[in-house]
Each structure stands twice: as structure tokens, then as C-alpha cells.
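Residue numbers begin at 1 in each chain, while the letters A, B, ... track the order of the sequences.
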Amino acid sequence: MEEKRIGVYVCWCGTNIAMMVDVKDVSKEMEKLPGVVLAKNYKYMCSDPGQDMIIKDIKKYNLDRIVVAACSPRIHEITFRNALENAGLNPYMLQMANISEQDSWVHTDRIEATRKAKSLVAAAIRRVIHHKPLKKRIVNVHPNTLIIGGGVAGMSAALELSEAGKKSFLIEKSDQLGGTAAKLKLSFPYLNDVVNDISNLIKRVEKSEHIQVILNAEVQEIHGFIGNFNGIVKTTDEKEYSIEFGNTIVATGLKSFDAGKLKNYGYWKYSEVITSIEFELLVKQGVVVNKKGIVPENIAIIHCAGSRNENYNNYCSRTCCMSALKYANQLRNLLPDANIFEMYADMRTFGRGCEELYTSTSRKGIMFLMFDQRAELPLIKEDERGNGVVIEFKELLSGEEIQVPADLVILMVGMEAHENAKSVSHLSGISMDSNGFFIEKHPKLDPVATTTDGVYVVGSCQAPKDIPDSVSQAKAAVARILATILRGTVEVEVTTAEINADICCGCQFCISVCPYGANSFDAANDVSVVNEVLCKGCGTCATACPSGAISTKHFTDEQILSQIEGLMAKVHELEELETN
Amino acid sequence: MGGLTMNTRVNPDFEKELQKYGKGNWNECFHCGNCTAICPLSEDGFLFPRNSIRTLQMGLEKKLETSIEPWLCYYCGDCSETCPRDANPGELMMALRRYLTTRYDWTGLSKKFYTSAVWEYAAIAIIALLVIVSFLVFLPLRPDAALMVNESGGVMINSLVAGVSPDRFVTLIEYGDWLMAVIVGGLLITNIFNMYYKTIIADKTVKIPLSAYFKEFWQLIYNFVTQASFSKCEKRSYWLGHLLLMTGYTIMFIIVVVFLPYFQIEEVVPVWHWQRLLGYYATFGILFFLGIVIFQRLRKNPITMKFSHASDWIFIIMLALTTLTGIILHIFRLAGMVEATYYTYIIHLAVLVPMIVIEVPFSKWSHLAYRPFAIYFSKLKLATLKEKSVRKLAPAIS
Amino acid sequence: MSKDPTIVAFLCNWCSYTGADLAGTSRMKYNSNIRVIRVMCSGRIGPTFVLKAFREGADGVLICGCHPGDCHYHEGNYKCLRRFHLLQKYVSQLGMDKDRIRLEWISASEGKEFAELVNNFSNKIKEIGKSKVRKTMEEWT
Amino acid sequence: MNSSSENGNEFHQKVHPDTLVIGAGIAGIQASLEIANAGYKVYLVEKSGTIGGHMAMFDKTFPTLDCAACILTPKMVEVGQHSRIDLLTCSEVTEVNGYPGAFKVKIHKKARFVDQQLCIGCGSCAAKCPGKAPSEFDSGTALRKAIYIPFPQAVPNKYLIDPESCLYMQTDGKKCGVCVKFCPVNDCIDLHAMDEELNIEVGNIVIATGFKIFDAKKVARFGYGKFPNVLTSLELERLINAGGPTEGKITFRTKDKKGNWVFKPDGGAPDSVAIIHCVGSRDENCNAYCSKVCCMYSLKLAHLVKEKLPATAVYEYFIDMRAFGKGYEEFYQRIKKEGVHMIRGKTAKIEEIKGSLKLRSEDILNNRIIEQLADMVILAVGLEPSDGVKQLSEMIGVEIDANGWYKELDSLLDPVGTARQGVTIAGVCQGPKDIPDTVAQASAAAARVLQSIESLKEVEFI
């Protein structure tokens, strides 16, 4: 075995790591390990000078393997792989040791954390010895895009693509485009009539030659990988479409919170109580009446219905405060003499022009009352003194127990993830958070991509959002997609399974465990073969293989077993040091 | 959970009602708490102005009616200047003082005067007319008035009236004074009792021990004389100006009501005589203050002078007229201009009397009494509150 | 400190490793005796890895994957579950406490759950005591 | 490039494939990378000496608390190394002519005085340089030399000279010049370098000029600039940052030997810190709008203070807690549980009493006045459009609103386009925004650019 020349780099991450891990000690210790040519530590390895240092060292010391002990590989593996590539080294000759997220940030004892860092880095060093150069695979990108969801986000994405001359399939579950936005009369904060805007948008989408709208349809299956997806779409009348596409945009939107769950508000009990969705419908028709058909004199708008409360949804639905102010303005115009009460928790009017709307609304004789949305919610009950209901609660800004009479109560219901989010997440291989919203690749710097390359999440299916933010996200996804289409090709992961035909006994066990049908049987040679295009590199087959003929590139048994050795060797070495 | 009857019902119409007593964008307040925190007079137990704004916005009339807070405010304007929403909390306190004055007044006249300028003008006109008529008819100018000049050339003011001896004339005017004082005082005292009832007796949450009434009594006198609370405001010049006005006015009031026979005398006393010095001090104090206030109200700056209620102008004009006629009267008298002195005297009284009768029990001047009483009452309440609650140094986690 | 048991954890890349990272970015604190090895899918984790960990002196092995139905590769976690049951039996037969190995589902959003799991499992292993596998093996060879 | 056929008032022309991006904060960086990665050339113009903008100054980002530098610096490196991004630092756009699809842009490139190719970043020059000025990157919490690298991870990672604080330039060459003497590379430093004018032609312009923070001195009753331990949130951000002047320690502002107020690692730590929300925001006397990010960054700072100094009491004085985004409300609840005192009621004034700061506020929900003594007060300052927005908007022909934020074409359906064709806006210059929204918007702006280059090929206008 030829001599390995390993370079080890330990990152301080400012004080993020250095505060809890003695990085200097770690690098000093690593220098002693076999194969290690040099071990250095530096304030920010990921910075320009940090990467430069690695590149220079590779060239100067002829390093052939690099270990970077820094943050999670999920964040910077790509960064350092690029650095290796720049230095002329195969990018897969890198192994990272996660000493921040899984060490310095979660432990409180500096000695222990340092010890743990040493064993993690030692394991990485042992592992990297077995790394092999892998060749990147470049695939062509299909120029079409699948967009799931025909709301504002989906339509905006489709149009943006269409304007760039790129085709998309716009799949909508219901029988019309427009989603939630199509139900609105006015937008906030400028209270513009949006009915025309949205219908124009729909018209543009329908007219576009580059957009194929499929209504009453759901995606049944998606296969493939970035640039090369194919899927099946089925409509309610059993029509089936088989489509090919290079990228997927998930824009399935939201569903509103079920107001019936709020036990204090008596949504099913009182004909005075309606939801914001129902109110939008009323106001679109221009007639505001309660379910008894009576024009209300006292109207209460209750914020945070189903939001910011542990018994319902813990999160904030982001748009309800502004919608509630919009309603107050609409009501004031329709019913100039009505008493309007806004019952809020925190007034979250944060967007541009929103605080200004709050101010101008407060000039319109609207009574703002604050309640505690985390403690006892307001209680709606029959009014003994009048016809309607009365809302009882402790008003926080005055500390008074008060009663608000109402003959119309509008519950500002929050946003929830769609029921079918789970099936969509399955289809497209993206994850959901505990609230059922899709998880983006990175909450800051990659708010629309997902961990699955070529699949993007936009709009309210990612988290509650207003229209402009949804549109922004939709277009952001388009930027990413256009870039891949324009380049025409994209690099894909090469960490697929590999079958050593010499060892394979032809039991075909691997074929039955593969969820992608990537393995097939070559009857002529009596062995299994892997289709690298279909294989996603999960490694299940490698583990299942009774003869050890299958290995997963970059996650070989050898690599993992030596990683375990390294991990434990350091533990014991230190333990023995201590006992002696 | 409180029962149905425990909870108070909100009243959205009340805010419109209060707009009659002063103008402000009170509904715009979003309750940041800046005004209360910036006010040096606001303290635990008596937090304002934000609390009052909230009560107003919610239309909790009962709670407002029983609150002392508006009287504790001297309207330095800091709250309004720094209000992030231009909601004008200071002006609300002003409006509330007007409103409370009408609530304390059992005759209902105050409400008429505050909510209708016409009523106030009419009342002033009637009283003025009564004064003028009673002079022209019952106390007409002596036919040989020209002789009524003393050796120093000054008009002998008490001898101007036909058929009435100088001594009797002074006594007549003094009786008039007393009558006025009794009516005005009576009304004021009953109103103060009304205030006491609403703020202390009706408040079942505090039980004030009798000893506290004696222990805190000095507060009443002390605050009346010194306006000490006002001096805690950051703008001390406001306090000085106000003190100048208040002392000037009070001095004149006491002289006229209590010491008239020593004041309204035939001979012209030397310049350094106490009565002339006091008179000049009062005149100067009032004029100085009036000058500034008129200038500021016209400019609508500072913020405290931005909004002028009709009652403000009426008060300023009446006080100005009283002072000016007083000065002119003084000049005419020294110059020996007999007829001019007589008619100016009538005009002087025709302004002074309605001003006192209307302003003191029903309108702006009543705060002269309400303020020190409010402070006194607040101290009574605080004395009981402090025994009850222990203040925590650090705020609790919410 | 050397008395503290050592735990080797195998985490799947998509859910559990992300969840463990989340515990880190959220600065949730947990026991420092855990050493993580990242694999792409819990379906990749075979008995070899687990036994190797014990052979090298681990006192406990923790396996985490996506919640049922959430697997990035559709069903790798089910495969893992099946293997785990067998493995548990096998471990018992070897004379080890079967609680030394544990399989849990940790999603990408469950940083807090991960931290709690580590503490919990670590306490359990402490209860069971240090593993003698490594020593025995060394004596044998 | 007017290959246009004029007929009547209408003419068509090809869209120039190059793009100008103004401002190299995270918005500009993101937009540039998106466009460049799609294969088109980008001119990225940045006023200061480095890219990165405000995000590079932050320590952690809310609500996930990942370290800002960790996620930003790789992007910065990528920009610096990208073959299709022409990075122009110390530069400003001075003239914009031409038409959508073919803008002719004049760029004033100020001299950096240090050769970008030759500088090896050894730092010998700065070690000897006598000139000092408050560091812009450290928000004035520390001093930097006249010849300096803005921060260790700056891109480009080369020295530059600030003529304002350079002794040689201030004395017209009569004094100093020591940097040239100590520079180990020949002809690297040229103290007589001249500014340059650059003329470029681009098809699209992306405006991403970001923001500046509200000047806290304008609210005199908080005593910023008078009391040394009243800080802006950005100053605390620098203190907490490991790369900051105190190596991540939260310390008091102290006087150095020359009488400058600076922060040093050994400045002593506060036992109590109060954070005041909405300074310069939601206030008719300053800016009436909400700055959107202050509530969240205040919660983040509270957490970081608690993390660094667990025994320190932290108080937040707020009006409405605007925790609206993904995971924000949960973060708010978490910070509450960490023992940060939340008080609904904005502080009205701050006085200094025996070196301690006294804040007077109303604790609205508990119906009382709080006179709080704190060792350190943080003012959560709002955001304002950056300087020069007006000139730039006139130059390019894009409208700004009354507050100085750029106006988008359609507040509902087109959040990145402007009334001027070929010009898009991204990030905070359009209105306060958090990082995810900024990044999404920047990508959206890039989509618009790509789409116009790719599909239209020709612009049609009247």
C-alpha cells in the first residue's frame, strides 16, 4: 500500500468551536497519527484565506487526502470539495468531521468536548485513507418543469418560465386555477382590488403556449432525479398523463385551520360566528350579513384563531393580522355606522406599508382590544341582553374583564399544511417539519431548494406566506431552474451502488430490496447489475447482499468500519492514558 | 372566571362623546407605554396617561368618571411630543379634566358650558348685563361727579355713586363680593364633595383610615400654594409661569373678596404701598402669563397649545379683559378722569363677575380646587395601597 | 470521566443527522459520550457495523432513521427495523444485554428529541454498565 | 448596440447578455451567483472595500442560530472566484444612459492604492501604519488602520487604503509613507494611484443597495452617544461576534489611551442588559414604518447574551412581538423559557446614575412603572434606505416611496420588477426584510434577468 499523505484542518469557527474545543490541542494530537503529513488550525476554514491555505498546502506538500474538522458536512462539504478540485485533487478525497453542530455546540465540558473532537477527527483520518477518487456524473437537463399546485405561486412560476420560453406542466387538484388568492377581494396593505389581477393572471397562464394546465388532477408517481424526472398525472375522470421533466416545483399551498376545533368560539353553535374565509366570500358579494341573514351592528374580528396556541397550532400564521385590518376597512366602508372590534394578541403588521395600514385603520373608529392567546382564549356565549353573542375575556392593556357584544364574529383562521402534503412529500422526496410544512434546503441561504436536487418548494406549503412573498419564492425557484436548463447539464451524485461481479452469487436479493428498481439481473452472466442512473445510493442493497459483492461508493464497508475503528481507538487510547 | 355581571361592557360611542371636550387622535394609540413612562408624575397606583386612553378607547365611562389621574397631570406636553403615533395623550388628560368638571357639577350647567359655546356666551352676557343694569339703574353716576377728585388728583372711587355714601358703597360692593363668594364657593364645595364621592367613597377597593385624612392634609394646602407636583415636570418654566398666574390671581381674589374695604379706598396710596405692590405683582403675573399663552395658542406651538377648546379662549379673553379694564381703571383713576373711571369700573365688574361665577365652579378655574384635592385624595389612596403591595425589583417573567 | 460509557450512533443523512445538526444549531445540550457516524440511509446500517462497534469497545449502539413513511428512499427504515429485531435477538444470544442497541426515529425537525434521546439512552447504558466485549476479544486474540 | 430598426416611435433591440448588480450584500451576492451560474456575465458593483454587506457583520442568524459567516463566507468566496463575475469594489455607479436591454453605465472606481494582484495579504503594512479610524465593519466598536482589510474573511482579501485616515494623503505626501517601505512586494502599494472611470454596457440592472441603520442619536432621551454603555444592536452584534473587537466577549465600552471610546476583551461584563425595541421604527417622530427584523434580532441577541453570560439578567422592552416567520414564534417562546424578561412597554427614557443606566418604562401587562437599573442598554435600531438612494433612483429612473424604499412594479404579483424595464430590485432596498425573504427576492430578480436575456432576446418598447 502506497503511503497516504493526509492534511488535517481544524476550524475554530471564530469562537463557535474554539470556545468548547481546544482546537490547537486537537490539531497537535492529529499530527502524530499515521498518514498525517500536517495538521493545522485556523479561525475560519471556509473563508477565502482558509480555503487558500488548503489549496496551497495540497500543492506544496503533495497531499492526497484532506480531513476538515469543522461544521456539518451538510453545510460545507461542497465548499471544501470545490477547494480540493481547485487544487487539482479529486473532490471525494475529503472527509469532514463535524465538531461544531455535533460537538462544541451541544456539550458543556471543554475537556470532554475536546476529547470527543479528537476521536471524531481520528475516525475521519482513518476513513479518508480508504477514500477513492470518484468521477462526477454529468447528465442532461430536460427543459420542462412540473409544477404541482395552481395557486398564485404555481402560476407565477409557470409564467416566469413561460416568458423564458420554457415549458411547464401546471397540475391543479381542483377544477380551477387561482388557489386561495382567487377567493380574495382586496389585497393588503394597499387595499387594491385583486379580483382582476388574479383573473388576468389566470388568463395569461391559460393562454400561454408554454404552459400545459391540467385541472382536477393529481400527480401519482415521480421517478428519476434532477434533470431527468418522469411522472404520471391522473385526473379525476381517470385520464392519465405520462410526462417527462427536468425539475419539480411544489406549490401545493395551504389549508385553513378548522375553526370548529376552537372550543371557546362555538363556531358550529352560533350563527353569528364565521371564519375569515366565509367573510371573504361575503364581502366579494358585497353583502355582509351573519348566518341569520341580519346585517350586523357589532362586529368582532378575533385574531390568531388556531394560531400561536399550544392546543392548536403553535406557530404564527403571518398574514392574519393584516387580513383582519383589511376586513376592518372593508367593513367600515360597507357599514359606516357599525361598531367594529379588533381583538388581537400582538399586532404583527411588519411588511412594507403594513404599519401604515394599522395606523390609518385605527383612525376609523375601530376598537382594538388585546387578549392573551396563550392563556384562556376569549369565550363566546349567548348575549342575555341582546340578540347576538357576547365575547368575554380579560383585556390585557387595561387589565379589565370585559364583554364585547357582537352580532357578527369573524375568526381569523390560521394557515395549515395541506392534508395531502404527506403524499406530495413522498412523491417528490422532500421532508416535512412537525407542522406538516415542507422543509427547505437551508432556511437562510436556500429558502426554495430542498434536499432533493431538482425539487423546489415555494409559497405557503413551505410556511405561511402572503402573496408577494409566495411570488418571490416562485420566481426564485425559476431562477434556479432556468440556470440548470440554460447550462443544459447538471452534475449528479456518484455515490451509487457498485456490484463486484466476481463475488456476486446471483441470489437477486438486492433486486427485491431496491425501491427504485435500479438493480436487475443479468441472466447471461448470472449476476446482478446496477443501473447507476436509477440508483440513489441509499446502500440498502449493500447491506442486504449476503456475499458482500455490493458496495456503496463513498460509503463502503471498509470506509465505515475503519471510521468505527478510528473513533474507538482514540477513545481507548485516551482512556488508557488516563488510567495510567 | 367572573360571572356575567362582573364584566364591563365596552362602549364604542364614548370616544365620540369625549371629542366634544377636546381634540386628539386618541384612537390611534397602540399602547407602547411611552407616555406613562416619560411622565415624571405617573407612579404605581396612578398610571397615566396610557391607562386613561385605554379606558377611553374602550368606553369604560364609569372607570373614567371615578379616576383621579387627569387631575394629577399638569400638561407639560412631554407625552404628546414623544408619542410615536401622534395620539396626543396630553390633550386627552386636558379633555378629561373638562369632562370630569362636568361630571362633578351637579347642576348640569358645566356640561352645557363645555359642550356649547353659545351657552357660555349667553351666560356671560346675562351676568354682565345684570351688573351693568344694576349700576346704571341702582347705582348711577353722581350728577356732580366732576368734583370727586382728591387732593392728589385721583378719582375718589367710592363717592362716584349718586345717593350712596362712600362707606356704604364699599360695603355694598363687599356684600356683592361675599354673595358671589358664597354662591361660587358653595357650588365648588358641593362639586368637590361630588368628586370625593366618585373617587373615594364609590371605590370599594380601598378603605382609607381616618388618621390618613389628617396625616395627609398638609398635602392639600402645600400643593395648592406651591404647585409642587408641577415642579417635578421636566419643563420647570411651565411651572414658574403657572405659579405666577395662580398666585397673582389668588392674591387679587383674596384682596377683593376679603380685604375690599382696605383695597378700594378713596385716597391714592404711594407706589410702594402694599396694596399697589401686590396689585402690580398680580397684574404683571397675569399679563405675563396671558401674553405667552395667547402667543402660543395662536402659533399652536408648543404641543400643549396646539388644540384650543372654546372654553380656553373664553377664559383667556375674560381674564385679559378683567386685567386690562383693571389697568385702565387704575390709570383713569390716577389721571382723575371721573366719568371714564366710573364706566370702566362698571365694565371691569361686568367682566370680572361673570368670569368668576362661570369659571370657578363650572369651568376652567375649578381646577384650582380640584387639583390639590385630587393630589390629597391620591395620597390617601396611596397610603393604603403601599401597605398592601410589596414592590418587586425585577419584573416578573410573562 | 473514563467511566462514562461510549455510545456509537449511526444516523441517516436525511432525517436523523439533520435532526442532530438542528440540536446543535439550537444549542441543545446533551451527553458528550456519543460518537456519530453518518450513513445515507438507515437501510445501510447492517449488523456488521453494529458488531464492529461493540468489538471496538462501544458500550451501546444507537441507530436512528426517518420516521416510518418519511424515508428519503421510501422504505430503507423498514429494512432497518427488520434487521434490528433480528440483531437484538442475536445480541442477546451473544450474552449481551439487548438494550445495548436501540433504534429510534428522529426527523429533521426533532433536534430536541434527539438531545433527549441521547441523554436517555446514555443513562440506560450507564445502568447496564460497561461492555466487556472488547476486553474479552482482546484476551482471545 | 442599437441594431434596431426604427419604425415610428417603436423599436426593438437585442438584450445585452451582461448584467449590472449594484450592491454586494447577501441580495447582490445571491442575484449575481444565480445569474453567473446560469452562464451569463455579471458586473457586481460595491461601494465599500469588501462584499458581504450587513450579513457578514452578524454573529448568528435567527431563528435557527446558525452562524452567519459560516453560511455567507462560502458564497462570498464563490463570488470572488467566479469566472463570470466581475467584482468592482470601492465603486459607484455615476451615470446610467441607454435603454432597457442596452444600458450604458459609467462606474467610478475609487483607488484602493494596493494592487489586487500583487498583494499577498501579509499585513506588514498595517502593522506599521500610524493612521487609525473607527472600523466600518465593526460598526465603530473598534479602530482599524488606514491601510486595512475590512475583516479577515473579506472578499477580495486584499488590503486597501482609506485616504481619509491616511497620514501620507492627508499631508499631501509630506509625512509617512511607511507602508510602502515595509511592503515586501515591489510596486504593490501605490500611494498616488488614481480613481478610474469605467464604461460598461449591460442589458439588465439589479438594484440591491440594502440599508443603513437608524441613527440612534436622533432619539436624545436614550442617550446614545452620551452614555458609553448604550449600544446599538449592530454594535452588540459585533461584540458577540468572535471576529469582533472583543473576540466574542460582551464588555463595556472603555476609553483607550488616546481617549477613543472602544470595546476591548477585558472591558468587564454587564450583569444586566436591557434591549429596547422599535428604536426609530413605528414612530411618527422618526420612521413610521415597522423595520420587520428588530423583534427577531432582539430575541436572538437576548439569547446570545444569555448564552455568553448565563448569570446576566436580560430584559426586553417591546410593543408588539413580531415573530411571524417560519419557526419565529417558536423561537420567541423558547427565549421566554430561557428566562429573558419580556416587558410589554417601550422604555421612555434613560438616565445615568453612578455609572449605571436607569430605564423608565411602563410594564403594561402588570400595570406598573418599572425603573430598571441596567449595566448595558441595547437599542434595537430600525432600518433605513442606504445613502445615495435618491441619486441612484433618479439616475436609473426608478421610483422610490416616501421613505426612500424602491417601489416595485406591482406590490402583489411582481415584487421584483420596477416601472423601468430591465431594472429589478432585490432585498432590503425595497423595504425591510429578513434574510430568507431577501435571498428569495434576489433569486427572483435573477430569474427576471435570465428570462429577459434568454427568451425575449429583443426588448420591445415605445
Asks: Below 4.5 Å from any heavy atom of chain C, which atoms of A:Ala544 appear? Answer side chain, backbone, both or neither.
Replies: both

Asks: Contact between A:Lys116 and C:Ile34 at the side-chain level, heavy atoms closer than 4.5 Å - yes or no?
Replies: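 Sidechains of C:Ile34 and A:Lys116: in contact.
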
Asks: Under a 4.5 Å cutoff for heavy-atom pairs, which residue among C:Glu75, C:Glu110, C:Arg38 has the most contacts with chain A?
Replies: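 Among the listed options, the one with the most contacts to chain A is C:Arg38.
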
Asks: Would you indicate whether the side-chain heavy atoms of A:Asn98 and C:Asp21 approach each other to under 4.5 Å?
Replies: yes

Asks: Any non-hydrogen side-chain atom of A:Leu567 less than 4.5 Å from a side-chain atom of C:Glu56?
Replies: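 Of all side-chain heavy-atom pairs linking C:Glu56 with A:Leu567, none is under 4.5 Å.
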
Asks: Checking heavy atoms, do the side chain of C:Ile45, its backbone, both or neither come under 4.5 Å from chain A?
Replies: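 For C:Ile45, the contact with chain A is made by the backbone alone.
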
Asks: Give, for atom OG1 of A:Thr552 and atom CE of C:Met40, the distance between the pair rounded to the nearest 0.5 Å.
Replies: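 With rounding to 0.5 Å, OG1 (A:Thr552) is 10.0 Å from CE (C:Met40).
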
Asks: For C:Tyr17, which atoms come within 4.5 Å of any heavy atom of chain A: side chain, backbone, both, or neither?
Replies: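 Both parts, backbone and side chain.
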
Asks: Tell me whether A:Asp103 is salt-bridged to C:Arg35, with the criterion being a basic N under 4.0 Å from an acidic carboxylate O.
Replies: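 No, this pair does not count.
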
Asks: I want to check something: taking the side chain as every heavy atom from C-beta on, are A:Thr540 and C:Tyr73 in contact at a cut-off of under 4.5 Å?
Replies: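 Counting from C-beta outward, A:Thr540 and C:Tyr73 never come under 4.5 Å.
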
Asks: Please check: side-chain N/O of A:His107 versus main-chain N/O of C:Tyr30, any donor-acceptor pairing under 3.5 Å?
Replies: yes

Asks: Tell me, for C:Val36 versus chain A, whether the close heavy atoms (under 4.5 Å) come from the side chain, the backbone, both or neither.
Replies: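 Its backbone and side chain both get close to chain A.
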
Asks: So which part of C:Arg83 gets closer than 4.5 Å to some heavy atom of chain A, the side chain, the backbone, both or neither?
Replies: side chain

Asks: In this structure, are over 12 heavy atoms from other groups packed under 6.0 Å from C:Lys98 atom NZ?
Replies: no

Asks: So which part of C:Asn33 gets closer than 4.5 Å to some heavy atom of chain A, the side chain, the backbone, both or neither?
Replies: neither

Asks: Are more than 12 heavy atoms, taken from residues, nucleotides or ligands other than C:Tyr90, located less than 6.0 Å from that residue's OH atom?
Replies: no

Asks: In terms of heavy-atom pairs under 4.5 Å with chain C, which of A:Thr108, A:Thr451, A:Asn16 leads?
Replies: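 When all of A:Thr108, A:Thr451, A:Asn16 are compared, A:Thr451 has the most.
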
Asks: In terms of heavy-atom pairs under 4.5 Å, which option from A:His426, A:His554, A:Lys422, A:Met432 contacts chain C the most?
Replies: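 Highest number of pairs under 4.5 Å: A:His426.
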
Asks: Given heavy-atom pairs under 4.5 angstrom as the criterion, report whether the side chain, backbone, both or neither of A:Ile439 touches chain C.
Replies: side chain

Asks: Please state whether the side chain, the backbone, both or neither of C:Thr18 comes within less than 4.5 Å of a heavy atom of chain A.
Replies: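 Both parts, backbone and side chain.
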
Asks: Check each atom of C:Lys52 against the heavy atoms of chain A and say whether the ones under 4.5 Å are side chain, backbone, both or neither.
Replies: both

Asks: Contact part of A:Ser434 toward chain C, heavy-atom cut-off under 4.5 Å: side chain, backbone, both or neither?
Replies: both

Asks: Taking the side chain as every heavy atom from C-beta outward, state whether A:Thr452 and C:His72 have any pair of such atoms under 4.5 Å apart.
Replies: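 SC-SC contact between A:Thr452 and C:His72 confirmed.
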
Asks: What part of C:Ser32 gets within 4.5 angstrom of chain A, counting heavy atoms only: side chain, backbone, both, or neither?
Replies: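 Interface part for C:Ser32: both.
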
